[in-house]
Structures are given as structure tokens and as C-alpha cells.
Amino acid sequence: MTVDGDNELEGQIAEWRAYMHRRRELHHTDAEELEDHLRSRITELTEAGLRADEAFLIAVKRMGSLDELSREFAREHSERLWKQLVLPGEPDAPAAARSRRELPVMVLCAAVAAFAIKVPGWFGHDMSGDDAGFYARNVSLFALPALAAYFAWQRRVGLRVIGVLALLFILGAVAANAYPLAGDSQTIVLTAIHLPLALWLVVGVAYAGGDWRSDRRRMDFIRFTGEWLIYFVLIGLGGGVLMAFTVGTFDAIGLDAEGFIESWLLPCGGMAAVIVSAWLVEAKQSVIENMAPVLTRVFTPLFAATLLAFLVAIIWTNNGIDVERDALILFDLLLVIVLGLLLYAISARDLTARPGLFDRLQLALVVSALIIDALVLLAITGRITEWGFSPNKTAALGENVILLTNLAWSAWLFLGFVRGRMPFARLEHWQTRYMIVYAVWAWTVVLAFPPVFDFA
């Protein structure tokens, strides 16, 4: 099968999947089983000599009417849509026993993460003072291995995948701690920023059950990341209220609780919240409306207006962009937010729907971000030409080149879709593949920057 044939087939399957997901009676896992069944039928038919489009049509026909399937599922699981929100599965359900075990397994993984951040203290590492750099570099190593273990158990991954996950976490730990970096080294900050990203994508391999080559699995992980972030922030806000009440109530009886909060509640609770947030996403993803795509609808017009106003201000004032470290971090965060808005709009969009006003707003957002990224790159290149390379400038240069490439091609695909010349599925396919580039760059910064810039 040719590459074009593969892309066309994936576009047809994406449209079929979008139609199926609109059937609210179907559970997420049931929909996955139906898609796997469809793909296996297509494979059998293509191996028998049919073209991809012919195999798709025949396979869908043989599977029967989706409306009939939905009605059948609704009759068999009429209580599931509301019971799952607060109750475990029915006792006679095949996965009921496993569902009941998920809560204690999650609690165990959360306890391991909370315990892990206290272990360095036994070896003389204090969270304050000179050891702050140690905790900044290693913060992702306390919770993310436990989160990967939770998904490895939940997805029942094989020993080979478990071995790969373990090796990647060990590699991250060695890279973060092998070099005796000075306290004012720029690579400490870069490692603290990039190691969590690199290891988060390792967690994605566990989330995908080891099937990282699947576009659908990678897009599922993108959706999970947005939902996880929302739950994590909500838990953090609730934890802040809890800590404020704890300090206030104990202070009323003459006891100082700040030491307990700083040493135990805040660090241990933060690590445990990483696991709990993931569990909440997994437990509720098929029952309530995903929040990340909803927020995308709200903030896309606002960010588009802000970026356009910023570009107008640059033209009006003729001022250049400041490329100091804090400014670079701010612009990179802005571009990442734009990319996140694009990703979650893609994940929630009906692939069969025609282009609309929101799609044109997204195109304006992406084009504005693309122009700003080009201006930032020009400023960074000018600073490097004048002052030479440094860890911060090199990291910013690489990240902005990667973002520029992604935004440029996304804008081209979006333009083709808005003009009716390109299927929307190609944009989804591009974004899920490009995740690998971000992973490679994050590992490059973590592994290569310390020896190149600190010990060259």
C-alpha cells in the first residue's frame, strides 16, 4: 500500500471514528474494540488483493449499522452512563474486579511518589538552601516513574516495554545527576525544564500500552495531558485552600503548622497529586465532557486577538523583541500555549464537519504565532552572532526552530483545509507524529548540554 493510500485510509477511518464517537451510548473502550475490529477486517481484505478504499467500504458494510450497534449498547448498558460517575462497575461485569483494584493500585503509586521525594533527605539533601538545584533537576523523577508504573499495570504491558521504560528513567536520573554542575550553571535550569518533558513522553509510551507508533494512541495521550493538567491545577488550588486553613486553625491554638506544610504536606501532596490527577482522568473520561477542548473554544479567540494586537504594537512602535532569558521563556510558553490550543481543538473536532468560523480563528492564531516565532528567532540569531552561543540561547534557538517548523506546516495544512483542498485528518496525523521531534530535543538538552557547555 502506498503512502498516499495509507493517508487516505487513515482519513476514512478518522471520519468513521468521529461519527462513532458522536454516539454517546457507546463507551470509550467499546469504541476502541469496534475500531480494532474494523482495522483487522480491512487488513484481511487488503491482503486478499483489494484496494484500501474498497476494503474500508466492505469492512464497514459487514460490521452493520452503527445506529443499530449504539441502540444495542444502550439497551444492555442503560444505567452505565450515570452510574459510572460515582459507582464502580456491576459485579458481573468482566472488568469489574480490575476496576475495583484500580483505586488501591492508584493509592499505592501515589504513596510511592509521596515517599520518594522524602528519600533524598535521608542522605542530607535539604529542600531549601544549596540543595534546591538538586530537587529542581530531579523533581520529575519522584512522581513520573510511579505514574508510568500505574499505566503499565493498567495497560498490562509486556516485559520488553517495562524494560524500555525503566532504562529511560534510569538514563534521565543519570543525566540529571552525573555532572558536578556549579550552582549558577544555566544547564541546571535547562535540565529542570526539559527532563520533565522528556520523561512525560516516556509516560506516554506506558499510557499507549507500548503502541507508540499508533497515531490514535498518541492523540489519546495528548487529550489525556490536557485533562490531567486541568485536574492537577484544580487539586493544587484545593490544596492551597487546605494549607491556608491548616495554618490558620493551628495558629488559633498557638501551634505553628508551617514547618509541617513546607516539609511534608506540600512536597508529598504535590507528588501524590500527579498520580491522583491521572486516575481521575482515566476514571471519568467516558462519563463527563472533556474540559480541555471546551476551554480551547473559550481561549482561542482571546489568544488570537492578543497576538494580533501584539503584532500591531510591534509595527506601530517599531520596537524589537527582548531576548533576555525571562523574555525567551515567556515567548516559548506563549507559543506552547498556542500549540496546546491547536492540539485540543484538533482532538475534539468532528472530522466530517465543514470548515467554519472557529477554524478560521485557529488559522489566524497559528499564523500570528508563526510570525512572532520568526521575529523571536531573528532576535535570538542576532544575539548569538554578537555574543556567541550559550546554553540558554542554544536551547531557545532549537526550541523555536522546532516550533517554527510545526507552526508553518500546521498553517499550511489548516489553510488547505479551510479552502476545502485537504482533509482535516492530515493535520491530526502531522501533530501526533511531530511529538517525537519534541521528545528528541528534550533528551538532547538533558544529555548533551552539560558536557558541551560546562565541561567542553
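Values below: all heavy atoms of this structure, side chains included; hydrogens, waters and symmetry mates excluded.
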Taking the side chain as every heavy atom from C-beta outward, state whether [X] and [Y] have any pair of such atoms under 4.5 Å apart.
X: Leu108; Y: Trp153; value: no
X: Tyr150; Y: Trp279; value: yes
X: Leu147; Y: Leu144; value: yes
X: Ile235; Y: Leu280; value: yes
X: Leu342; Y: Val366; value: yes
X: Met435; Y: Phe221; value: yes

I'd like a table of donor-acceptor pairs (distance under 3.5 Å, sequence neighbours excluded) in which one partner is a side-chain atom from residues 260-277, with atom names and distances.
| unit_1 | atom_1 | unit_2 | atom_2 | d |
| --- | --- | --- | --- | --- |
| Ser263 | OG | Gly259 | O | 3.1 |
| Ser277 | OG | Phe232 | N | 3.4 |
| Ser277 | OG | Ala273 | O | 2.7 |

Taking salt bridge (Lys or Arg N to Asp or Glu O under 4.0 Å) as the test, write out the residues that go with Arg39, two or more places apart.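 Residues passing salt bridge (Lys or Arg N to Asp or Glu O under 4.0 Å) with Arg39: Glu10, Glu35.
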Set of side chain to side chain donor-acceptor pair (under 3.5 Å) partners for [X], sequence neighbours left out:
X: Asp211; answer: none
X: Thr187; answer: Ser185, Asp454
X: Trp200; answer: Thr225
X: Tyr438; answer: Asn406

Check the side chains of Ser410 and Gln431 for a donor-acceptor pair under 3.5 angstrom, ignoring hydrogens and angles. yes
Do Glu282 and Arg155 meet the salt-bridge criterion of a basic N to acidic O distance under 4.0 Å? yes
Kindly say whether the aromatic ring centers of Phe151 and Phe224 come within a distance under 6.0 Å. yes
How long is the straight-line distance from CG of Leu199 back to CZ of Phe169, given to the nearest 0.5 Å? 5.5 Å
Aromatic rings Phe142 and Tyr135: how do their planes relate, parallel, tilted or perpendicular, breaks at 30° and 60°? tilted
Let me see the working for Trp441 and Tyr434 under ring-ring contact (aromatic ring centres under 6.0 Å, His included), right down to the final yes or no. CA-CA 11 Å; Trp441 177 250; Tyr434 209 73; over 10 Å; no
